[in-house]
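Step one of this worksheet: look at the structure below.
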Amino acid sequence: MGPRWMHTSGLWVLVACSGQGTDPGTSPSPPTTSTPTVPAPQPDVDADQDGYAASVDCDDADPTVHPDAAERCDGVDNDCDPSTADAGVAWQDATDGWEDVTERFAEGTADAPVSITLDEPGTLHVCAGTWYAGLQLDADVDVVGAGSELSVLDGGDVAHGIWVDAPVSVSVQGLTLQNFVDTVPGPYDYYDFSTQRGTYGPALHCAEAAEVVARDLVFASNEGHVVGGSVSVRDGCELQLSDSAFVGGDAMLGGHLAVSGAHAEVTDTTFEGGRATLAGGSVFVGEVFSYAYAASSLTCSGCLFDDNHAEAGGFGGGAAFVFYESTLQLNQGAFTNNDTPEDGGAVLLNTFGAGSGPTGGVVDFAGTWFDGNQDASGANDLVAVTAGMAHDFTSSTRSVRCDDAVGCSD
Ligand SMILES: [Ca+2]
Ligand SMILES: [Ca+2]
Ligand SMILES: [Ca+2]
């Protein structure tokens with residue numbers, strides 16, 4: 001009885017639900033007219049209320065997307081036209097979502113670049129174009145360009161670039177940073193004690209235990225006044241830089257890059273055309289002006305140093321100068337066509353009396369190729385070393401002759 005009752009009951013429920021009051025099994029009704037089964041014409045809805053109906057709005061759930069929307073640098077086809085590219089500059093954070101900040105960046109001109117402070121975590125998206133702007137990064141910020149060949153931050157030869165001097169973790173990628181200069185005038189104004197600015201790395205400066213991960217950057221024609229023509233890594237900062245290029249630029253020490261009391265790890269990067277008026281046409285590793293001699297280290301894997309120059313009247317090191325308590329470790333790189341009329345066509349290792357003994361410095365040229373570097377002594381004098389600077393040339397791919405008294409030889 002139980003199962004049969006259940007079957008009957010189920011059939012009754014099925015009929016009641018599907019028949020809408022008809023009873024096809026026992027009481028056929030005449031067919032109704034067909035007109036009511038065709039839906040009445042619906043109004044063309046505009047669900048996101050952006051003024052564009054669903055029939056023409058390629059995303060009727062997003063009011064920033066419609067055929068007349070301006071393209072925003074957000075990876076979305078805002079104007080419903082796939083043929084137009086992403087454009088402008090946009091900010092994205094967890095609190096407010098996306099914000100188009102193109103106008104703020106467009107205010108910058110070659111004569112008066114804007115300086116923009118980003119003090120909350122988020123991502124700055126910089127689409128193709130030249131933006132006359134520098135950035136102060138006071139929070140965990142990611143700066144994402146469209147690629148170093150497309151997105152350019154330009155200092156107009158009057159302003160500095162990306163500044164990170166707080167204990168934050170940031171990343172920068174896909175940009176050219178060009179024509180940045182430091183802003184302290186005068187040949188002997190080494191240091192602005194009030195701002196700690198103007199002296200170090202005008203294109204990218206980091207200090208105060210900041211962590212910076214950078215890749216796909218081009219540093220072009222930046223001019224540092226004293227230390228680090230483009231990039232300065234100071235006071236506990238940790239920089240990782242990869243797949244990048246330095247082109248032109250100059251400073252007193254390290255025409256491209258200076259590492260002082262900090263650590264930098266560089267991979268697959270070229271250093272070309274740097275100039276130093278004192279030492280290290282491309283790179284300076286050490287601390288000099290504070291005489292604090294904080295440990296400094298640069299590790300460079302797959303780095304090419306080409307056509308860098310340290311001028312007459314300085315100390316030398318056509319490509320690199322390594323100072324007291326500093327480490328330069330190279331792996332599978334090359335020094336080609338660097339020069340100086342002083343000492344060390346490729347590299348100068350010298351404490352200049354600041355210290356001596358085993359803590360003087362360490363240089364490892366593992367797998368490094370030398371060719372065409374010149375100094376005052378001739379083309380074969382590739383590396384100059386003074387007493388107290390430890391070094392290891394045994395694994396370089398070409399023998400090195402040194403002017404020193406500590407057993408450096410071919
Ligand atoms: Ca709409
Ligand atoms: Ca829309
Ligand atoms: Ca877009």
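Start at 1 and go down the list; that is how both ligands and their atoms are numbered.
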4.5 Å side-chain heavy-atom contact, Val76 and Asp59:
no
Calculate the angle formed at the Ca ion (ligand 3) by OD1 in Asp86 and O in Arg72; 10° precision is enough.
70°
Taking His256 as the fixed residue, which of Phe246, Phe284, Phe219 is the one that meets the ring-ring contact (aromatic ring centres under 6.0 Å, His included) rule?
Phe246
Looking at the Ca ion (ligand 3), is there an N, O or S atom belonging to Asp74 that lies under 3.0 Å away from it?
yes
Close side-chain approach of Asp86 to His125, heavy-atom, < 4.5 Å:
no
State whether Val65 contributes an N/O/S atom found under 3.0 Å from the Ca ion (ligand 2).
yes
Everything protein-side that's N, O or S and under 3.0 Å from the Ca ion (ligand 1): list it, residue and atom.
Asp46 OD1, Asp48 OD1, Asp50 OD1, Tyr52 O, Asp57 OD2, Asp60 OD1
Quick one: report the N, O or S atom of Glu71 that is nearest to the Ca ion (ligand 3).
OE1
Beyond-backbone contact of Thr64 with Asn78, side-chain heavy atoms, under 4.5 angstrom
yes
Evaluate the side-chain proximity of His263 to Thr299: yes if any heavy-atom separation is below 4.5 Å, no if none is.
yes
So which atom in Leu239 and which in Ala214 form the shortest heavy-atom distance, rounded to 0.1 Å?
CD1-CB, 4.4 Å
Using only N, O or S atoms, tell me which atom of Asp62 is closest to the Ca ion (ligand 2).
O
With side chains defined as the heavy atoms from C-beta onward, is the minimum distance between Trp91 and Asp96 less than 4.5 Å?
no
Angle at the Ca ion (ligand 3): provide the value between O of Val76 and OD1 of Asn78, rounding to 10 degrees.
80°
So do Val212 and Cys237 actually touch side chain to side chain, heavy atoms under 4.5 Å?
yes
Any non-hydrogen side-chain atom of Phe180 less than 4.5 Å from a side-chain atom of Ile162?
no
